[in-house]
Number of protein chains: 2
Amino acid sequence: MARSQTTRKPTRIQREKTREILEAALDVFSDNGFRGSTIDMIAERAGVSKPNILYYFDNKEAIHKTLLAALLKTWLAPLYALDESGDPIEEICEYVAQKLKMAQEFPRESKLFANEILQGAPHVLPELQGELKELTQQKADVVSNWIKAGKIAQVDPRHLFFSIWATTQHYADFDIQVRAVSGDGKDPFETAGPFLDNMYRALLTPAT
Amino acid sequence: MARSQTTRKPTRIQREKTREILEAALDVFSDNGFRGSTIDMIAERAGVSKPNILYYFDNKEAIHKTLLAALLKTWLAPLYALDESGDPIEEICEYVAQKLKMAQEFPRESKLFANEILQGAPHVLPELQGELKELTQQKADVVSNWIKAGKIAQVDPRHLFFSIWATTQHYADFDIQVRAVSGDGKDPFETAGPFLDNMYRALLTPAT
DNA sequence: ACAATACTTGACCATATAGTCAAAAAATAT
DNA sequence: ATATTTTTTGACTATATGGTCAAGTATTGT
């Protein structure tokens, strides 16, 4: 019986194949988007037959959903880590650094997410309106408290987060453009770190 | 004979139909990406038959290319306008404001472009490596001169541009996420303007 | 060793979609 | 008015693709 219809504990083969298929699917989906990807591409990439893919997943969408669900957890982790009791500017700069590192280390995940949002978030809109909204609201309150306490300059907390998401993920999602413009110089990620760190310190350091 | 194979001066009907088709195609492509869009969708949106679409354009890709080519001109215009002889901070903030305004007024174009870049710029890579790279290099030199003259703070000019592109286009490309997080409050675009203006002034104002 | 179960895949089906073609309809020129 | 040209589309073809199925192969339990 197909894994996807079973309730039993997964076998070793099931765990490994599932992981291999998801790995291949991440490659394919992040490069071609959901609609531009075919099960055959994923099958070839994973080195298995198409029916074998469909033995582990009910359909193409199920693979995509699984990837997005796993991604969301990792994606939000750095924001959860923003600590009200820490030093405000260091906390925010650390958040920026973490997000940039994730864009560097997980560009496929970043592109997968970007594709999903660009298409109107057909699979994760509920999560955006639920968990992400809650979390952002909560952390925006933290930033607001820091502002009230005069620890950082006055900025709109939500737009602060938007700008951090935009600037960090840009290096993964638009890497083709970044590289085209950068030419054969240094790795853009190397120089992006200091630039962003400097930018957010300038933005957040209170006027004396 | 099909318009696409003709060299004559286009008739009134040809001009109008072409425009109507491109308008419909922009809707469809920006919502669904290239691979997720069908000629039938464009035909329905434009209120004509599929063969009629293919009477004016050789194939689906030709429509897409036409849209991207038209887009690139508008897209780069604000950067061309960056004037070395103007007040540095005002020039850059004006550039930011113009880019944000374009994201607000032309979200479909922004999404079309984002989709194209995310998929690895299959149609516009030459333009990125040519015109965009040249222009960016040239304007980066302008910014460098301003820095050398002590008129603005020391920042990496290229990353400055990346951050401007990222933060402004984010409001168009990720609008679903922005709106999900923002809830039913004010229009995000309204408050984004002042936020970004403030951010770039903080970043660029030289330390006294 | 043997049976039962889990895994794998070639061949196939149904549907979607890019693109063609010939003939009708509309517009234009004379 | 009539001929010519341009525009429009229903019907069609070829191919790609999501998904099924039955039969074969490997693995596991006894």
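These numbers come from a predicted model, not from an experiment. Here is how names work: the chains are called A, B, and so on, in the same order as the sequence lines, proteins then strands, and each is numbered from 1.
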dT7(D), OP1 or OP2 - any side-chain N/O from Gln14(B) closer than 4.0 Å? yes

What is the separation between atom CG on Leu54(A) and atom P on dT17(D), rounded to the nearest whole Å? 15 Å

For Ile42(A) and dT17(D), what is the distance between atoms CD1 and P respectively, to the nearest whole Å? 12 Å

So which nucleotide from dG19(D), dT9(D), dA18(C) ends up closest to the side chain of Pro51(B)? dT9(D)

Please check: side-chain N/O of Glu116(B) versus main-chain N/O of His123(B), any donor-acceptor pairing under 3.5 Å? yes

Please check the phosphate of dT7(D) (OP1 and OP2 only) for any side-chain N or O of Tyr55(B) closer than 4.0 Å. yes

Do NZ/NE/NH1/NH2 and the carboxylate oxygens of Lys139(B) and Glu134(B) come within less than 4.0 Å? no

Could you tell me how far apart Asp58(A) (CG) and dG19(D) (P) are, to the nearest whole angstrom? 9 Å

Does a side-chain N or O of Asn52(B) approach OP1 or OP2 of dT9(D) to a distance below 4.0 Å, or not? yes

Is Glu20(B) salt-bridged to Arg15(B), going by a charged N under 4.0 Å from an acidic O? no

State plainly whether the residues Glu23(B) and Arg108(B) are in salt-bridge range, i.e. N to O under 4.0 Å. yes

Rounded to the nearest Å, what distance is computed from the CG atom of residue Asp40(B) to the P atom of nucleotide dT15(C)? 17 Å

Side chain of Lys50(B), base of dG19(C): donor and acceptor closer than 3.5 Å? yes

Check each of Asp173(A), Asp27(A), Asp175(A) against Lys111(A) using the salt bridge (Lys or Arg N to Asp or Glu O under 4.0 Å) test, and report the only one that passes. Asp175(A)

For the side chain of Ile39(A), starting at C-beta, report the closest nucleotide among dG19(D), dT9(D), dT9(C). dG19(D)

So, is Arg35(B) close to the dT17(D) phosphate, meaning a side-chain N or O under 4.0 Å from OP1 or OP2? yes

Can you tell me the distance, in whole Å, between the CD1 atom of Ile53(B) and the P atom of dG19(C)? 12 Å

Can you tell which of dG19(D), dT9(C), dT8(D) lies closest to the side chain of Lys60(A)? dG19(D)

So if I take every side-chain heavy atom of Tyr56(A) and compare against dT8(C), dT6(D), dT20(D), which nucleotide ends up nearest? dT8(C)

How close or far is atom C1' of dT8(C) from atom CD of Glu44(A), stated in whole angstroms? 17 Å

